[in-house]
Amino acid sequence: MVNFNQEQGDGSYKLARKKLVEQQLKPRGIDDQSVLAAMGSVPRHHFVPERLQGMAYADTPLPIGQGQTISQPFIVALMIQALQAGSNDCILEIGTGSGYAAAVLSQIVSQVYTIEIHADLAQQAQHRFAELGYQNINVKVGNGAAGWPEERPFQGIIVSAAPEEIPEALIKQLKTGGKLVLPVGKKDSIQNLMLITKVSKEEIKIKDLGAVRFVPLQDR
Ligand code: SAH
């Protein structure tokens, strides 16, 4: 585990980020260059509480307040890689949390739309985006299970909290050929990370990417 004292500057964080990419992401199958570059550039230590900054580049989730967590870097990379998104795409993320995953996405695609149910987390994330200069991220407070109908359709949707079932509205808001990546399963149990491809208006294809553990997708 990489652990630093807070007085060490951004240079050490840069090195820690490089190690994360080389030692945690590449050996475990993250090989999309745009994802690796984004993971190597977004300063995760600015997305965690100050007292936890020294652990920002360990491959682990961390608490961010309101009983919520910033996802483990490997899982963020895996989910974003599964989207196969390109530089002209608009992507929706449900569960802004710290804003970290949205920031990583913003380095790869044209526009990121992200919805957070806790107003204070959304506000903090928005401040971070402004401070760090991420200008292509749009934040909304609300229940993400309904998606963002005004901005549909999306080339990809990523859900950072687990519903018990796949929300229909999200599939509706995908373009044909688009992808939805989300954990599905019961609260307090292991969930499955699903990759859903919208093959046509009527048909979807589902692939199981393995067992994961996320906070539940809340309904209010
Ligand atoms: N992507 C985040 C992970 C945050 S954890 C990051 O990189 O930090 C999941 C987040 O989903 C939490 O912040 C939680 O408040 C939020 N959430 C839970 N249910 C939600 C819902 N129905 N709509 C929108 N956000 C929700």
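Note that ligands are numbered from 1 as they come in the structure, with each ligand's atoms numbered from 1 the same way. What you see is a predicted model; the values in this text were computed from it and never measured.
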State the atoms of ligand 1, each with its element, that fall below the 4.0 Å cut-off from a heavy-atom position in [X].
| X | answer |
| --- | --- |
| I115 | 24 (C), 25 (N) |
| I70 | 8 (O) |
| G142 | 23 (N), 24 (C) |
| I117 | 15 (O), 17 (N), 20 (C), 21 (C), 22 (N), 23 (N), 24 (C), 25 (N), 26 (C) |
| N143 | 21 (C), 22 (N), 23 (N) |
| S98 | 6 (C), 7 (O), 8 (O) |
| H118 | 15 (O) |
| L121 | 13 (O) |

Mind listing the closest non-hydrogen atom pair of [X] and [Y] along with its distance?
| X | Y | result |
| --- | --- | --- |
| P27 | V21 | CD-O, 4.3 Å |
| A125 | S98 | CB-O, 3.7 Å |
| V109 | A85 | CG1-CB, 3.5 Å |
| T69 | V215 | OG1-CG1, 4.0 Å |

I want to know if ligand 1 touches [X] in the polar sense, i.e. an N/O pair below 3.5 angstrom.
| X | value |
| --- | --- |
| S71 | no |
| A145 | no |
| G95 | yes |

TODO: Answer yes or no: is there an ion pair linking D59 with R28, defined by an N-O contact shorter than 4.0 Å?
DONE: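 Yes.
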What protein heavy atom lies closest to [atom]? Include the residue and the distance to one decimal.
| atom | result |
| --- | --- |
| atom 9 (C) of ligand 1 | S160 O, 3.3 Å |
| atom 14 (C) of ligand 1 | Q68 OE1, 3.3 Å |
| atom 15 (O) of ligand 1 | E116 OE2, 2.6 Å |
| atom 23 (N) of ligand 1 | G144 N, 2.8 Å |
| atom 3 (C) of ligand 1 | T69 O, 3.5 Å |
| atom 21 (C) of ligand 1 | L217 CD1, 3.6 Å |
| atom 22 (N) of ligand 1 | Q218 O, 2.6 Å |
| atom 7 (O) of ligand 1 | A101 N, 3.1 Å |

Task: Test item: side-chain donor near acceptor, E93 and T114, under 3.5 Å - done: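 Yes, side-chain donor-acceptor contact under 3.5 Å.
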- [ ] Verify whether one side chain among Q81 and D32 offers a donor that lies under 3.5 Å from an acceptor in the other.
- [x]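 The answer is no; no qualifying pair exists.
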Open item on the list: When you measure from the heavy atoms of E93 to every atom of ligand 1, does any distance fall below 4.0 Å?
Closed with: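 The answer is yes: ligand 1 sits under 4.0 Å from a heavy atom of E93.
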Open item on the list: Checking contacts here: is it the side chain or the backbone of T96 that comes within 4.0 Å of ligand 1, counting heavy atoms only? Could be both or neither.
Closed with: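 The answer is the backbone.
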Task: Heavy-atom side-chain contact between L182 and L193 under 4.5 Å - done: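 No, side chains not in contact.
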Task: Minimum side-chain heavy-atom gap I204-V199 below 4.5 Å - done: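 When only atoms from C-beta onward are counted, V199 and I204 do not touch, as no gap falls below 4.5 Å.
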TODO: Mind telling me whether Y100 and F47 have parallel, tilted or perpendicular rings, with 30° and 60° as the class edges?
DONE: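 Perpendicular, since the angle between the ring planes exceeds 60°.
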Task: Axial cation check for Y57 ring with R44, 6.0 Å and 45° limits - done: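 The answer is no, since R44 fails at least one limit relative to Y57.
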Open item on the list: Counting only heavy atoms from other residues, nucleotides and ligands, does the tally under 6.0 Å from CD of E150 exceed 12?
Closed with: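 Yes, CD of E150 has more than 12 neighbouring heavy atoms, counting only those of other groups under 6.0 Å.
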Open item on the list: Just to verify, which of I206, V212, L209 counts as forming a side-chain contact (heavy atoms from CB on, under 4.5 Å) with M194?
Closed with: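 Of the listed options, the one satisfying the test is I206.
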